[in-house]
Amino acid sequence: MIRPSEWRLRTALVVLLALSTAATLVTLVIVGGGLFLWQLPQLQRESMSQAQREAQQLAARMELLLGNLQHRLQQTGATVARLPGDPDEGLLDLLTAEENEAFEAAYVADPSGVVVLASVSSQSGANRAELLGTDLSANRLYRLALEHNSPVWSGKFLSALSGNVTVGAAVPAGGRVLIGELPLDHLLNTLRLATKDPRLLIWVIDSRGELVAETGFGPKLGPTNVLGLDMVQAALRGGPLPHIVTIRNSEFHPAVARSGLVDWHFLVLLPAGLNNPDIRSTAALVVAALLSSLLIGTLLAPFVAGWIARPLRAFTDRARQVAAGMPSGDWPRGRVSELNALAVDLETMAKHLQERRDQFSAIFNASPLPMAVAEAAGDSVLIDVNEAWIRQFRRNREETVGRSLPQLLWVNQSDFPDAARTALHDHGRSEVLLHDAEQRLLLCAISARHVVIGGETFAIWVIEDISARKRAEELIKANNELLEGVTRLQREFLVEADPRQAFDRILNHLLETTSSEYGFIGEILQQPDGQPYLKTHAITNIAWNDETRSFYEENAPAGLEFRNLNTLFGAAMTTCKPVVANDPAHDPRRGGLPLGHPPLRAFLGVPLLHGEELIGMVGLANRPAGYDEELVRTLSPILATCSSLVLAYTLERERKDSEEALRRSEARLAEAQRVAQLGSWELDLVKDQVVWSEEGYRLLDIGPGDAPPTQEHLMGRVRAEDKEALRESIAHAIRSNTPLEHEFRIVRSDGSVRWVHSRGRASYDATGRPIRFVGTTQDITARKEAELALSESRERLDSILGSLDDVVWSSTPDGSQVLYMNPAAERIYGRPVADFLARKNLLQETVHPEDAAALAAAREDLSRTGELALEHRIVRPDGTVRWLRERAHLVTDAAGQPLRLDGISTDITDRKRAYERIQSALAEKEVLLKEIYHRVKNNLQVVSSLLNLQSRRLTDGETKRLLDESANRVKSMALVHEQLYRTENLSSIGLREYLRQLANNLISVNRPLSMRVTLRLDVEDLYMGIESAIPFGLVVNELVSNAYRHGYPAEGDVGEIVVRVTALPDERVCLEVRDDGRGLPADFAPGKGESLGIELVMTLAKQLGGELTWDAAYRGARFALTFKPEPLPAGRLVA
Amino acid sequence: MRLAFILLAVAASSVLAACGPTEPVRVGFLAGLSGRIADLGEAARNGVLLAIEQRNRAGGIHGRPIELVIRDDKETAESAARGAAELAASGVAAIVGPITSSMAEAALPVINEAEVVMVSPTVTAMQLVGQDDYLFRINATTRDYARMYADFHYHRTGLRRVAIAMDVRNRAFTQSWLDEFLPAFNALGGEVTVVVPFESSVNVAFADVTEGLLKARPDGLLFIAGTVDVARLAQQARRLSPALPLIAVEWAASDKLHELGGAAVEGLHVVESYDRTDSSPRYAAFLAAYRERFGLEPGYTSVNAYDAATVILDSLARRGAGQSLKEALLALGPFEGLQQTISFDRFGDTSRKGYFMTMREGRLVPAQ
């Protein structure tokens, strides 16, 4: 326990050490910070001068490098200038050669700016030949070089030749200019090589402020123009630079150097402040020194403090051990001499203490009397107990010490007897019932003494178990008397013929033993409503007048019954506990007495129990001294005997009742057998005797009074041809210990034959010898006759089904298991019927693989409609294929659940083959028809082409037109045939497609007119046979041609011709051709003009059976033809 | 003890944050800065740079400076997607770019995923038009341009048979342009005699391409290609058929065209999406600032990119609390560009007027 004002030694030491560390730290901060601040400006100055050095060196190195390149360019330029005419390209190739890795392109422009010589590096991939002739007269670099007549460098520069962003250098070459282009990458790589310090950020800026290249450490701006930055403007002007600039939130020291050769500025940026590695490392060093001194001090303080305080901690632990009575051993030593001297003294003291304690302990534990030491005050908590105490109460010392005695040894603390409590606290002696650890009760004698040690009072108790001694004394006496009486009573019950006499004797013995006046012994029975009632087996005659006397004599022998439970004996019956009533008149449980009844001064009712079941009751009255629990205990052997007797009496009565019930049950069985015509029998295999039930005798036509029949005697009743089989069945059942099941015929004495069915089983003795055969025999004549009739009917059906050509079958509802199949299946399927019955799914497996899907679909229908119908192929084992027509229907029970599938399969192979032959003949004809249409179309096209050819040679316009018209008519007919052989049914054509092609032809022959006059089709999706299609096509051809020819005579006429075909309700078709041209002449009449066209249309309209009308009032020409086409042939030629 | 440390660290960091410089607003820029169309990319970059530097001098956005983060798409889809992803990751408020439609197609899924607005100064392809996404466009569409070209050259130049060379490397743009031009030109009665595709790179045989064009005996050549390729094609066309009219699509209208093409591009027709003859004070001030800053002439990508940056910076400065930039761009318009008013429809598309120009003595002048 540490008081708030106290400190642990270790804490005090830690504080001391921490204070000293903090002092060191403060010193370090002041000195280190001062040093750092003094150093900082110096570091900055160094950085700036270093940046300046770097910039100058970089500019010098780059200038040297670019100067070299310029020198090479100048040398080449001089050579170009010296050579007369156009020099060789090889000269320039030296500049762009790959091993030089410098110029990407080099070219010479003549004084007019035209490229006359060019070379490109193989990497650039540019086409040298194309570059020649390029005009560079507007090129800035070219013009500068020409103007200054000295080498010029561009900044960032978009090459006119390659389109790449490059850096260019131009040198004059005798009136011409030689230009070399350096890729930016090359420059950047060179810059990286030239930069030694990786901490620097380097910008190369051209004269326009374009960032030609940037590299190094820090933020990248990308290809931008930095002239907007003050620093860059100052650099380009040659003014002083700021000490620190901020770029993208980072601070830098800038330095600049200019290359006069290329007019570029090299801007070097060195990170400033903490970004500068030098400053950062100095700062880091100071911080690290601070942190490490702090860390070392912090780590060392607790360690040293702990080391000094360690022996003291050990002393405390050791002293605690000695106080608890544990051996102390050697006390620890340290490096502090005072502490070591203390350890020696403490060690001696502990040793003396230990010795004294051991002596007392030995004496205490050696005492043979159980002893305990406790606190005298309060709850008397136990402090120690000796070995004898531990043995007696079977508790170890740990669970004892610290608890009070009643808590430990008394079942219910509040009941702890005052006498015992007094004995424990005073100098007294008392006997008390205590219990040990296993809850056994011990009668103990307690004696106590109080002693005062060191100012405190302790109680010393001696607690001795005396229960064994006491019990032995009491038991010996009581038991002797009782056992004698019990033995006598039991003996009497066994020898008495009437058990009631035995009950009378017991009652007398009880009355005598207890000095009671009267009493009873009775059995407890149950009323139908479950209420118990008492029936006496023995009762004292206490009749007090003539009436009660005659009642007693009449009823006592059979037993008196008492049903009122609201009485003293009733209380014993309902509670199953003994009832002691020594003042019955005022007992709340009393039921009252009848008038004249002898007085009741005391009552004892004891229930008799068998297990927990109440079986009887004993009642005693008027013991002069009254009754108590103790008496009940004393009487318990006699009461137990009484219980046994009541139980025995009850069992005997129940046995008699069971015998009566069995007799009645047998009578009922005989009646049942008679009704079922079933006789039971028992064959005694040892004596060879058969005992039959009553019905059995009747079945066999043997009188029940006849001599018991033997087995052989009964065999005489069996019909001769069934005898051997019956014998064999019986012998087998006995041999193999299996049940007998056999049907056979017997001949009754009147000669009538009956079918019977016998069942039975043998039984065996311990050695396995058969001794008895028990079974039944039933008359089954009626069932047998029905079976025979059924069998005959089935044979008739089999004969009919066997003669059928079709397969008749029946299967499970899912078709997987064939249940029946007639013999025709062997012929059609080529497999024995037995195969189908034996193998599941065989019927499905025979189905041709290509028909499996159709079968599955038919099965779907079956599950929906209950009917199946399809035609399919099967494959027989020899590989031949047959066609079957399958019809089946699902048979269901009354509830609609499928029972089975019944079907019939017909072989339709021959019919199918005939059908296929017809099919192939039809297909041949179809091919032939197609060929004919094709040839007709070809021939018509040849005719049309011939006419066209002819027409082209003609010079006479009119003749030429007539020939063209004819060619168009033939073409329209050819189109019908072309459509026909393209259609599927070869008999009708689609009008929409036909008219589209016809229109294309008309548009093509009417060019260029058709460019101005569009032809629009508005055709419904109709089909027409060849008979109508040809005249119909010719009509359209004529009407549209006429519209083109007459509708738009002038050069600039534009318009639209519309062909419209619509279906009318009565299967008629309406064709309408109209235009928005000049219209019909006022006197238009067909046949009047010279045009073959309109005459032809009239003829064709007639041929079609239609009517041609025209609309003279319409603003253009408008014709309509309504007709009924030939009916289409029904369906396709080929199904 | 541990809690005390955490509190100390939090206090220290908040003090440091308060002392540090104001966090800049980042704006991304994505374009080809190293490939064959680097001229357009660089000109656009200069336009954006100028807009941002001017805005920074005027106090930035609510006192925060604007910082431009640049990524080169190298004219490859992978670089464009990677560049867009890097820009989105670096926390840019918006991106200006890219220059070509193909690159826009490559970057589009990335910015839609990251929900970062991308305002392209130049892309025109029809498949990028009319989409509710994070791409905003400053330029007109290929449909607008193709119809302008068809109409102008059919009626004014009198061309009837045109042969076309098309760079398939930027197919998103060139195919869209061609698909719009063909029906427009055909409808007028013109005929495209041949289309010769090539994939822009240093090793294209432009002589073969040009021969393919001339074989169809056209009365004019149309180049759907970038500046360098148009310059190369013009060199070959002038060599093989010096008098044939040459037309380049608006893509090639770079200020570098003359420097790259020299005499070969003399007489070439092209449409520019700005009016270089504009003498309004607003444009004159821009022109002077641009020349002063970069020592160069601005091109159409500079003007458009300057407009794109202006639209973004205006919206960033004016948008309400909790308003996303996309919402602000759609709600705060119309915006005043250098020469034209920019008003986005709900898909972030706008219209732009084009100007027919002809190369005369090294300068683009309004077509006659």
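Numbers restart at 1 for each chain; the letters A, B, ... are given by sequence-line order, proteins then strands. Keep in mind the model is a prediction, meaning the values are calculated, not measured.
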Name the region of [X], side chain, backbone, both or neither, that has any atom closer than 4.5 Å to a heavy atom of chain A.
| X | value |
| --- | --- |
| I52(B) | neither |
| L33(B) | both |
| R57(B) | neither |

Residue part contacting chain B, namely of [X], when any heavy atom lies under 4.5 Å:
| X | result |
| --- | --- |
| V226(A) | backbone |
| S159(A) | backbone |
| L221(A) | backbone |

(request) Assess whether atom CZ of R248(A) is packed by more than 12 heavy atoms of other residues, nucleotides or ligands within 6.0 Å. (result) yes
(request) Under 4.5 Å, counting heavy-atom pairs only, tell me which of T134(A), L158(A), V165(A), V114(A) racks up the most with chain B. (result) T134(A)
(message) Is the shortest side-chain heavy-atom distance between R293(B) and N225(A) below 4.5 Å?
(response) yes
(request) State, yes or no, whether a side-chain contact exists between E210(A) and N46(B) at a heavy-atom distance under 4.5 Å. (result) yes
(request) Without swapping roles, check the side chain of R45(B) against the backbone of P223(A) for a donor-acceptor pair under 3.5 Å. (result) yes
(message) Are there residues of residues 232-244 of chain B whose heavy atoms fall under 4.5 Å of chain A's heavy atoms? If so, which?
(response) R232(B), Q235(B), Q236(B)
(message) Can you tell me which of A264(B), G41(B), G226(B), A207(B) forms the most heavy-atom pairs within a distance under 4.5 Å of chain A?
(response) A207(B)
(request) Name, in order of residue number, those residues of residues 137-144 of chain A that have a heavy atom at a distance of less than 4.5 Å from a heavy atom in chain B; otherwise write 'none'. (result) S137(A), A138(A), N139(A), R140(A)
